[in-house]
Amino acid sequence: MSNVVQMVCLANSRKNGDRCVAGMELGSKKWVRPISRRYNEAVSVVERQYADRSEPRILDVVTMGLIEKRPSKFQRENWLLDHNVPWVKMGRINWEGLCSLEEQPEELWINGYSSGGRLNNKIPASRQGEIASSLALIRVESVRIGADGFVQFEHMGHDYVINLTDPVYEEMIKAKGFLRKKLGESFITVSLGKEWEDGYLYKFAAAIIERSEIESDGT
């Protein structure tokens, strides 16, 4: 029997052809990452759509059914999704509501490891025992996005250049073809992925939530 939970959607990002959806449960503010029973754990389009076949948007308040906790090493936020319970949009939160969910980690897990033109973008898998979470919602003064899919920002005195998996901004890059775009005050949902073949865990910008966009949207 599943539990019906209500969460604020803070990521609906690209993952192996499907999506990685994550958010914070209302009230407890605990992270929830619904996962499927499939090998890649990604959430399919059928599993995540509303009754009208629209996609959950960032800041939507969504109800869904979760069967049980399925933590995987440092990804302790994982819950097995009940695909028999339809997702329902209950409303949206505004910028003020988003600010109430802000987290302020001193570092994004572990810094000091970089590769491929990125900065503080990865962690050796040998150090994953030091990590107790895989999601963070941080506020930054500005964000730079590059056409090759990087996101550059500063947080708590540390500089980061990590890969983008937010499909909204990926589509914007394709459509507008900008080489470099600077956004103002924003929140970023940062996700830490599982070990890759090269023996590292990588940090991803799973969602960018720009203040000016939210306020102009009337949310």
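No more than 12 heavy atoms of other residues, nucleotides or ligands shown are found within 6.0 angstrom of NZ on K73. Enclosure of atom NE2 in H83 is not indicated, since only 12 or fewer non-hydrogen atoms of other residues, nucleotides or ligands lie within 6.0 angstrom. Taking a 6.0 Å sphere around CD of E141, one finds it holds 12 or fewer heavy atoms contributed by other residues, nucleotides or ligands. Heavy-atom neighbours of E68 CD from other residues, nucleotides or ligands within 6.0 Å: above the threshold of 12.
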* Asked: Given I67 and L81, is the side chain to side chain contact (heavy atoms under 4.5 Å, CB included) satisfied, shown in steps?
  -> CA-CA 6 Å; I67 296 174; L81 177 66; over 6 Å; no
* Walk me through it: do V61 and I93 pass the test side chain to side chain contact (heavy atoms under 4.5 Å, CB included)? => CA-CA 7 Å; V61 178; I93 66 167; 3.9 Å; yes
* In sequence, state the C-alpha distance, the side-chain angles, and the governing distance for I214 and I58, and then conclude on side chain to side chain contact (heavy atoms under 4.5 Å, CB included). => CA-CA 10 Å; I214 298 305; I58 304 302; over 6 Å; no
* **Evaluation steps, side chain to side chain contact (heavy atoms under 4.5 Å, CB included), between V190 and L135** => CA-CA 6 Å; V190 185; L135 291 161; over 6 Å; no
* **Residues K194, E41; criterion salt bridge (charged side-chain N to carboxylate O under 4.0 Å, His left out); working and verdict** => CA-CA 11 Å; K194 293 184 177 180; E41 298 182 340; 3.1 Å; yes
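For the pair K122 and Y200, the cation sits on the ring face: its NZ or CZ lies under 6.0 Å from the ring centre, inside 45° of the axis.
Salt bridge annotation for R118-D148: present, with a cationic side-chain nitrogen under 4.0 angstrom from a carboxylate oxygen. Salt-bridge formation is detected for the pair R211/E215: a Lys NZ or Arg NE/NH1/NH2 atom is positioned less than 4.0 Å from an Asp or Glu carboxylate oxygen. Between R139 and E102 a salt bridge is recorded (basic side-chain N to carboxylate O distance below 4.0 Å).
Across all non-hydrogen atoms, the minimal contact from V21 to C9 is CG1-SG, 4.4 Å. In plain terms, the two heavy atoms of N78 and R33 that are nearest each other are OD1-NH1, 2.7 Å. In plain terms, the two heavy atoms of I209 and L10 that are nearest each other are CD1-CD2, 4.4 Å. Here the closest heavy-atom approach between residue D166 and residue I208 is recorded as OD2-N, 2.9 Å. Among all heavy-atom pairs drawn from W31 and T189, the shortest one is CH2-CG2, 3.9 Å. A pairwise comparison of heavy atoms in P105 and M156 identifies O-CG, 3.3 Å as the closest pair.
Atom NZ of residue K29 and atom CG of residue L101 lie 6.0 Å apart, to the nearest 0.5 angstrom. Here CD of E213 is found 12.0 Å from CG of L59. Values are rounded to the nearest 0.5 Å. Atoms CG and OG, from L108 and S191 in turn, are 11.0 Å apart once rounded to the nearest 0.5 Å.
Between M24 and M7, every side-chain heavy-atom pair lies at or beyond the 4.5 Å cut-off. Considering only heavy atoms from C-beta on, V151 stays 4.5 Å or farther from N163 through its side chain.
Each of Q152, K203, R144 was evaluated against V161; a single residue qualifies, Q152, per the side chain to side chain contact (heavy atoms under 4.5 Å, CB included) test.
Using modelled atom types, one finds no donor on one side chain facing an acceptor on the other under 3.5 Å when comparing Q75 with S72. A side-chain N or O of S134 and one of E77 form a donor-acceptor pair less than 3.5 Å apart. A donor atom on one side chain and an acceptor atom on the other are not found under 3.5 Å apart for N12 and R57. For the residue pair Y113/R127, the side-chain donor-acceptor check at 3.5 Å is satisfied.
Under the 3.5 Å distance criterion, the side-chain polar atoms of D60 are left unmatched by any main-chain donor or acceptor of V62. Distance alone, capped at 3.5 Å, places no donor-acceptor pair between the D82 side chain and the M64 backbone. In this structure, the side chain of W87 engages the main chain of E47 through a donor-acceptor pair within 3.5 Å.
Aromatic ring centroids of W109 and F74 lie 6.0 Å or more apart.
Under the 4.5 Å side-chain contact rule for hydrophobic residues, Y50 and V43 share a cluster.
The aromatic rings of F204 and Y202 lie tilted to each other, with the angle between the two planes from 30° to 60°.
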